[in-house]
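Values reported hereafter were calculated over all heavy atoms of this structure, with side chains retained and with hydrogens, waters and symmetry mates removed.
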Amino acid sequence: MFDEEESIKKPKPLDFDDLSIEEIEEMIDDHKSEISNLEALLKKKKDKLKLADTFFKKN
């Protein structure tokens with residue numbers, strides 16, 4: 001049987017020194033897009049939490 005540790009392969013770390021300028025710029029753009037999406041999601045969740053707090057607010 002296979003050892004459980006052998007079947008789990010970790011991805012090779014990315015060597016940034018090997019990337020071209022274009023690849024680096026593309027990665028930056030991708031990360032900026034992900035950050036924007038996460039910021040929008042965070043705002044949405046905070047707004048829902050604020051709404052729930054007002055609805056369940058104790059007097």
Side-chain angles (χ1 to χ4, degrees):
M1 290 233 140
F2 290 100
D3 203 19
E4 205 171 303
E5 291 180 21
E6 289 179 21
S7 64
I8 300 173
K9 294 183 180 181
K10 294 182 181 177
K12 184 178 172 185
L14 191 59
D15 187 0
F16 293 111
D17 289 334
D18 292 340
L19 296 174
S20 69
I21 291 173
E22 291 81 14
E23 289 172 320
I24 295 170
E25 289 174 337
E26 184 178 333
M27 286 182 70
I28 290 170
D29 288 342
D30 289 346
H31 287 287
K32 284 180 180 178
S33 176
E34 285 184 52
I35 289 169
S36 294
N37 291 339
L38 288 169
E39 287 173 336
L41 179 62
L42 180 61
K43 182 186 179 324
K44 195 173 173 182
K45 286 186 174 258
K46 283 183 176 181
D47 289 345
K48 284 183 181 180
L49 185 60
K50 195 183 296 184
L51 179 63
D53 283 345
T54 60
F55 184 73
F56 292 106
K57 188 176 182 178
K58 294 181 181 179
N59 291 330

Output side-chain donor-acceptor pairs under 3.5 Å for residues 37-50, partner residues at least two apart or in another chain, one line each.
residue : atom : partner : partner atom : Å
Asn37   : ND2  : Ser33   : O            : 3.4
Lys43   : NZ   : Asp47   : OD2          : 2.9

Quick check for you: to the nearest 0.5 Å, what is the distance between Glu26 atom CD and Leu19 atom CG? 10.0 Å
Of Glu25, His31, Lys32, which meets side chain to side chain contact (heavy atoms under 4.5 Å, CB included) against Ile28? Lys32
Quick one, Leu14 with Met27, criterion side chain to side chain contact (heavy atoms under 4.5 Å, CB included). Give me CA distance, side-chain angles, the key distance, then yes/no. CA-CA 12 Å; Leu14 191 59; Met27 286 182 70; 3.8 Å; yes
Contacts of Glu23 that satisfy side-chain hydrogen bond (donor to acceptor under 3.5 Å, both in side chains) - sequence neighbours left out: Ser20
